[in-house]
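Right, one structure below, let's go through it.
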Amino acid sequence: WGSAQILTRKDGNFDVKLKGWGTAPVVEQVYAAVSENLRRLGSIECYVLLDMRRGIGSSPRAIGLAIQFLSDHPGRVKYVAILAPPPIVVVMRAIAAAAHQNGFQFFRNPEAAEAW
């Protein structure tokens, strides 16, 4: 199935690694943790490095949860650098568009994503 690791820094940077299949329970856990950390960080603009290079897909419910999460936290995440294979990039572009979110950039190279 799937798993996630989240590292939250005091400066508002999040490093999130997702592996395997993005089931709704895995996605719910990630969003609950990130939501709590956003609350703790206060008004700091946040940046996310989302590494999905070892992801293989997600359930349709997980996609809906992603759109809902972004809609629930408008403007809190300034930029999201996404490392992902092309099929996942297509899905993530659709999620960003559906949630009316800007600031998403897609990469295949970790160094380029971190530099952005």
With D11 via side-chain contact (heavy atoms from CB on, under 4.5 Å) - residues at least two apart
R9, N13
Tell me, please, which residues at least two apart from V26 pass side-chain contact (heavy atoms from CB on, under 4.5 Å).
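Listed in chain order: A4, T23.
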Using the side chain to side chain donor-acceptor pair (under 3.5 Å) rule, collect all pairs that involve residues 64-75, keeping only residues at least two apart or in two chains.
S35-H73, Q68-D72
Should [X] and [Y] be regarded as members of a common hydrophobic cluster, given that ILVMFWY residues are connected when their side-chain heavy atoms come within less than 4.5 Å of each other, either directly or indirectly?
X   : Y   : result
V77 : V91 : yes
L38 : I44 : yes
L65 : I67 : yes

Could you check whether any side-chain heavy atom of [X] comes within less than 4.5 Å of a side-chain heavy atom of [Y], counting everything from C-beta outward?
X    : Y   : result
I82  : M52 : yes
F106 : R93 : yes
C46  : Y79 : no
L49  : V16 : no
V30  : V27 : no
D15  : I6  : no
F69  : I95 : no
F14  : V34 : yes

Using 30° and 60° as the class boundaries, would you call the ring planes of F107 and W116 parallel, tilted or perpendicular?
tilted
Output all residues satisfying salt bridge (charged side-chain N to carboxylate O under 4.0 Å, His left out) with R53, sequence neighbours left out; order by chain, then residue number.
D51
Applied to residues 23-42, the salt bridge (Lys or Arg N to Asp or Glu O under 4.0 Å) test, sequence neighbours excluded, yields E28-R61, E36-R39, E36-R40
Under the side-chain hydrogen bond (donor to acceptor under 3.5 Å, both in side chains) test, which residues partner N109, sequence neighbours left out?
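Checked N109 against side-chain hydrogen bond (donor to acceptor under 3.5 Å, both in side chains); zero matches.
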Could you pull out the closest heavy-atom pair between [X] and [Y], with the gap in Å?
X   : Y    : value
G22 : A62  : O-CB, 3.4 Å
G12 : L41  : CA-CD1, 3.9 Å
A81 : A113 : CB-O, 3.8 Å
S58 : I63  : OG-CG1, 3.6 Å

In Å, rounded to the nearest 0.5 Å, how long is the span from CG of L83 to CD of Q105?
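Spacing of CG (L83) from CD (Q105) equals 11.0 Å.
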Could you grab the distance from atom CG of L18 to atom CD of Q5, nearest 0.5 Å is fine?
9.5 Å
Using only atom types and a distance under 3.5 Å, with no angle test, would you say the side chain of R76 pairs donor to acceptor with the backbone of L70?
no
